[in-house]
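Data block below; observations after.
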Amino acid sequence: MTADQHTPWTGYQPVQAWDEAMDLEGRVRDPYRRVYHEIDRMSGDDLYSRAEALASTYLAQGVTFDHAGEERPFPLDIVPRVVGAEEWDIISPGVAQRVRTLEAFLADVYGSQHCVNDGLVPRRLIATSQYFYRSAAGIDPANGVRAHVSGIDLVRDQHGIWRVLEDNVRVPSGVSYVLSNRRAMSQMFPDMFGAMGVRPVLEYSQRLRAALAKSAPGDIDDPTIVVLTPGVFNSAYYEHSLLARTMGVELVEGRDLETHNGRVYMRTTAGRRRVDVIYRRVDDDFLDPVTFRPDSALGAPGLVHAARLGNVTIANAIGNGVADDKLIYTYMPELTRYYLGEDPILPNVDTWRLEEDEAREEVMDRLDELVVKPVDGAGGKGVIIGPKASRSELDEARARILEDPRGWIAQPVIQLSTVPTLTDDGLEPRHVDLRPFAINDGDDVWVLPGGLTRVALARGQLIVNSSQGGGSKDTWVLGGERQRGPASPPPESKVDLAGISAVPQAAHPDDIEHGQQQQQQQQQQQGEPKRVDPTNGAPTC
């Protein structure tokens with residue numbers, strides 16, 4: 001099947017990267033056939049008008065980001081990304097396997113450190129990791145789960161092979177955009193959802209609540225769960241308020257919590273109420289001023305002590321960031337075999353450890369061909385793409401690597417797969433990645449069918465992060481129950497995700513730490529921000 005003339009597909013030409021919708025001869029791949037035909041029946045004006053309606057919906061909901069002081073709708077592309085059932089049958093177990101390995105590693109590294117004693121991971125690598133916290137040693141979660149929520153970033157290379165790009169088990173962000181994207185797109189294309197058997201995603205919040213409840217300490221039938229947010233200035237506040245609302249739990253700030261006799265309490269209008277589980281969206285350094293940064297106003301004194309006593313569960317666990325270190329990433333294939341006795345389902349991207357002399361020498365000779373990344377970087381910051389870097393940028397990167405070899409890795413340039421994306425010049429291929437979210441309840445790892453597809457909106461751009469100008473797509477995983485006869489509006493289009501916050505929020509799911517620091521600075525400079533009513537997340541005076 002090839003593209004017809006004079007439709008939105010006219011002129012669509014896949015590049016040398018793996019295009020998920022068409023092959024190089026213009027034949028439409030099976031998962032995209034229905035999407036292709038639906039768009040093929042539209043005029044260009046119709047497609048653009050739907051895109052404008054989608055942007056207006058996001059603007060009305062406050063799903064925006066700040067660009068040069070102007071609030072703009074968070075870019076959601078009108079063309080969905082479609083993942084076939086066969087592909088998902090690789091991704092889902094692969095992500096679950098990855099999460100189980102990360103859980104085993106975290107339990108080991110904050111326990112007996114068998115992986116170190118057996119010579120698999122160098123001791124100095126753990127000791128020098130920015131996010132390894134000795135204060136987290138000895139804190140044993142009630143049900144053994146440290147990474148209740150994981151975001152595993154995947155890419156598809158030029159051969160169509162899915163690979164893990166990085167792991168996120170600290171405070172992975174971005175699932176709110178998966179939920180918001182789905183509601184918006186199900187209203188735009190209601191007929192396609194039933195006809196294609198797109199798997200639902202809006203059960204995520206209840207799955208998360210159930211997992212958090214199972215992690216509560218002691219034998220508690222109805223534990224009190226809260227979402228701890230840095231506040232309204234945080235770049236992911238939209239997500240915090242949405243998750244609290246859809247889980248039916250309280251949204252709190254650090255000043256709403258206090259500790260007494262090793263237990264955590266929440267201040268309410270009816271008095272103090274004990275808290276059993278804290279789903280924190282505050283980074284480790286800001287969580288407890290007694291244990292970490294004494295100048296932090298984002299957490300509450302004594303939280304770490306209460307967790308150590310087993311009186312409260314903090315999710316995700318303190319110190320998980322050691323598993324996000326990109327040097328630990330390079331050991332994940334061996335760690336999978338070590339802990340699980342299994343070969344990895346999803347391979348890594350080939351990676352050089354620049355602290356190793358031989359690898360560093362090779363990379364220095366090929367710096368203009370490779371991608372160089374800081375091991376503790378996020379949001380695409382500090383990444384040097386050799387073929388696109390200037391001479392001065394390469395010289396600076398070379399100097400920084402020589403100064404701190406442990407702080408860098410190098411990888412080949414991966415031609416990320418492309419998907420059709422609506423641009424000012426019509427439909428064009430744009431590079432994407434995928435962040436599936438996984439929830440671990442202690443008995444099972446459930447992978448959200450889909451995840452956050454981030455798309456690089458500029459032609460040829462390989463960095464997809466929203467803080468670097470990227471946007472997103474709704475990810476449709478096929479394989480659900482198909483409707484027969486006329487399609488009724490999908491249930492997901494009826495779920496109310498609007499009204500989460502009355503103020504526009506910056507939509508940078510990959511830039512959470514910067515937002516936390518910004519929140520703290522603004523608190524200090526401006527005094528107390530607007531009060532957040534924890535019953536509904538709406539700001540009040």
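These numbers come from a predicted model, not from an experiment.
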Exercise. Verify whether one side chain among T351 and T330 offers a donor that lies under 3.5 Å from an acceptor in the other.
Key: no

Quiz item: Is any NZ, NE, NH1 or NH2 atom of the basic residue among R430 and D77 found under 4.0 Å from an Asp or Glu carboxylate oxygen of the other?
Solution: no

Quiz item: Does R353 come within less than 4.0 Å of E355, counting only side-chain N to carboxylate O?
Solution: no

Practice problem: Work out which heavy atom in T475 is nearest to a heavy atom in L452; give both atom names and the distance. | Solution: OG1-C, 4.4 Å

Quiz item: In terms of side-chain geometry, is the basic nitrogen of R406 or D325 positioned less than 4.0 Å from the acidic oxygen of its partner?
Solution: yes

Quiz prompt | Presence of salt bridge, R29 and D23, under 4.0 angstrom | solution = no

Quiz item: So, D108 versus Y338: side-chain donor-acceptor pair below 3.5 Å or not?
Solution: no

Quiz item: Between S180 and Y238, do the side chains contain an N or O donor and an N or O acceptor separated by less than 3.5 Å?
Solution: yes

Quiz item: Is the closest basic N to carboxylate O distance between K326 and E166 below 4.0 Å?
Solution: yes

Exercise. Give a yes or no on whether a salt bridge exists between D285 and R293, defined as a side-chain N under 4.0 angstrom from a carboxylate O.
Key: no

Practice problem: Look only at the side chain of D288 and the backbone of V304, and say whether a donor-acceptor pair between them is shorter than 3.5 Å. | Solution: yes

Quiz item: Of the options R98, R163, R435, which is the one that meets D153 in a salt bridge (charged side-chain N to carboxylate O under 4.0 Å, His left out)?
Solution: R435

Quiz item: Is the closest side-chain heavy-atom distance between Y131 and D284 below 4.5 Å?
Solution: no

Quiz item: Taking Y110 for the side chain and G319 for the main chain, is one N or O donor matched with an acceptor at less than 3.5 Å?
Solution: yes

Quiz item: Would S215 and N143 count as having a side-chain donor-acceptor pair, cut-off 3.5 Å?
Solution: no

Quiz item: Strictly by modelled atom types, are Q16 and Q415 linked by a side-chain donor-acceptor pair under 3.5 Å?
Solution: no

Quiz item: For the residue pair F105 and Y331, is the inter-centroid distance of their aromatic rings smaller than 6.0 Å?
Solution: no

Quiz item: Taking the inter-plane angle between the rings of F437 and Y204 on a 0 to 90° scale, is it parallel (under 30°), tilted (30 to 60°) or perpendicular (over 60°)?
Solution: perpendicular

Quiz item: Just wondering, do R81 and L434 contact through their side chains at under 4.5 Å, heavy atoms?
Solution: yes

